[in-house]
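Start at 1 with the first residue, then count along the sequence. Both ligands and their constituent atoms are indexed starting at 1 by order of listing.
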Amino acid sequence: MKIGQDQYRSIWVEDGQVKIIDQTLLPHKFFIVSLRTLAEAATAIRDMWVRGAPLIGATAAYGMAIAMREDASDAGLTLAHDMLIATRPTAVNMRWALEDMTALLRPLVPSGRAEAAMVRAAAIADEDVAINGAIGDHGLSVIRAIAERKGGPVNILTHCNAGWLATVDWGTATAPIYKAQAAGIPLHVWIDETRPRNQGAHLTAWEMAGNGISHTLIVDNAGGHLMQHGRVDMVIVGTDRTTARGDVCNKIGTYLKALAAHDNGVPFYVALPSPTIDWRVQDGVREIPIEERSSDEVSFVHGKLADGSISRLRISPEATPAANPAFDVTPARLITGLITERGIATASAAGLAALFPEHSAVTP
Ligand code: MRU
């Protein structure tokens with residue numbers, strides 16, 4: 001995607017160094033960071049300098065490649081895997097990427113591992129771009145159909161940031177939006193703020209503004225009201241892990257949007273890259289581990305002060321404890337369709353197995 005006149009991905013290699021954008025500083029500051037060590041790669045994921053399921057996967061792959069420069073022994077491989085997998089538990093793309101990298105590297109002699117790892121990490125990043133581009137094409141057909149039926153701007157609600165910042169490029173939920181904009185379809189995007197981290201306000205709003213897409217920021221609680229008044233034509237969100245039967249785990253609050261959409265007959269779509277499918281689990285509510293993040297994310301907000309400095313402010317009494325589950329699960333029955341790189345599936349075991357028959361063997 002473009003930032004000003006320059007084309008960027010959210011992770012890239014320059015002069016042999018892995019570069020990322022520190023997303024904790026957006027939208028106020030655009031700051032590029034070099035990841036030089038395994039420890040830095042792990043910190044970047046844990047502290048959410050990078051975030052979003054596909055980007056977490058790509059960063060973990062590069063983290064493994066960086067680790068092989070430090071110690072390419074079998075012990076180094078295990079250490080890198082274990083350190084990275086422990087950073088964030090919910091998005092399954094990291095497990096997918098680390099298993100892929102480990103399977104490739106383990107049989108190689110240690111002297112060949114660093115180079116092979118860098119090549120494979122770059123391929124994983126490229127694959128993510130291709131997958132999201134295809135999701136964009138399939139999602140575009142949904143937006144186009146609504147535009148033709150409606151004859152006016154298509155109002156799309158998206159929750160959290162499933163944009164290009166959350167992937168290597170395009171985004172998942174935003175790929176159809178970017179493609180619809182390029183196709184000249186009139187649209188408007190409602191952006192959820194998504195407390196606790198304000199990712200709609202900080203990240204999706206920054207993306208939409210940067211790409212000239214008509215958008216409005218709303219608080220998390222406004223979505224249901226807008227749907228009741230016919231001001232949302234479709235919802236499209238991302239996912240951190242989708243089960244083999246189509247339950248979707250995504251940023252906290254997604255479930256409430258799905259309930260409101262269901263109650264109001266608003267189509268609710270999930271943009272789903274196949275590495276985000278966990279074929280080993282069925283019941284998302286019971287089986288997906290939900291990350292519990294620091295209570296400080298609830299008790300404090302980050303923002304820019306009038307003097308331009310970035311600061312954090314406490315918003316609750318010091319004695320008040322806060323809980324911070326970062327994700328929730330939307331049951332398949334509330335989902336209109338899963339937009340994958342191979343087409344749109346119903347949110348069901350049969351729907352996913354029809355598009356990904358190579359995995360149906362592990363689907364009970
Ligand atoms: O906690 P985050 O910022 O990593 O969570 C991001 C989300 O929940 C996204 O919706 C999801 O990863 C899909 S990203 C294309």
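Between Trp279 and His359, the ring planes lie parallel to each other; the angle is under 30°, not in the 30° to 60° tilted range. Using bins of under 30°, 30° to 60° and over 60° for the plane-to-plane angle, the ring pair His229/His225 lands in the tilted bin. Taking the six-membered ring where the residue is Trp, Trp164 and Trp206 present tilted rings, their angle falling between 30° and 60°.
Given atom 10 (O) of ligand 1, the protein heavy atom at minimum distance is Asn250 OD1, 2.6 Å. For atom 8 (O) of ligand 1, the nearest non-hydrogen atom of the protein is Asp240 OD1, 2.7 Å. For atom 5 (O) of ligand 1, the nearest protein heavy atom (residue, atom name, distance) is Lys251 CE, 3.4 Å. Looking at atom 6 (C) of ligand 1, its nearest protein heavy atom turns out to be Arg51 NH2, 3.6 Å. The nearest protein atom to atom 14 (S) of ligand 1, hydrogens excluded, is given as Ala166 CB, 3.5 Å; this is a heavy-atom distance.
Less than 4.0 angstrom separates some heavy atom of Thr172 from each of these atoms of ligand 1: 15 (C). Of all atoms in ligand 1, numbered sequentially from 1 with element shown, those under 4.0 Å from a heavy atom of Asn161 are 9 (C). For ligand 1 and Arg88, the ligand atoms under 4.0 Å from any heavy atom of the residue are 1 (O), 2 (P), 4 (O). Against a heavy-atom cut-off of under 4.0 Å, Met48 is close to the following atoms of ligand 1: 1 (O), 2 (P), 3 (O).
At a heavy-atom cutoff of 4.0 Å, ligand 1 is contacted by the side chain of Cys160 but not by its backbone. Residue contacts with ligand 1 for Gln199 involve side-chain atoms from C-beta outward but no N, CA, C or O (heavy atoms, distance under 4.0 Å). Under 4.0 Å from ligand 1, the heavy atoms of Pro54 that appear belong solely to its side chain.
Closest approach of Gln282 and Ala244 over heavy atoms only: NE2-CB, 3.5 Å.
Within a 6.0 Å sphere centred on CZ of Arg342, heavy atoms belonging to other residues, nucleotides or ligands number more than 12. Other residues, nucleotides and ligands contribute over 12 non-hydrogen atoms within 6.0 Å of the CD atom of Glu70. Atom CZ of Phe30 sits in a crowded spot, with more than 12 heavy atoms from other residues, nucleotides or ligands closer than 6.0 Å. Within a 6.0 Å sphere centred on CG of Asp15, heavy atoms belonging to other residues, nucleotides or ligands number 12 at most.
The closest approach between any non-hydrogen atom of Gly171 and ligand 1 is not below 4.0 Å. In this structure, Glu291 has no heavy atom closer than 4.0 Å to ligand 1.
Looking at ligand 1, you won't find any N or O of Thr167 less than 3.5 Å from one of its N or O atoms. Inclusion of Gly52 in the set of residues having an N or O under 3.5 Å from an N or O of ligand 1 is warranted.
Seen from the ring of Phe327, Lys251 counts as a face-on cation partner, given the 6.0 Å and 45° thresholds.
Every residue meeting the side-chain contact (heavy atoms from CB on, under 4.5 Å) condition with Glu14, not counting sequence neighbours, appears here in chain and number order: Trp12, Lys19.
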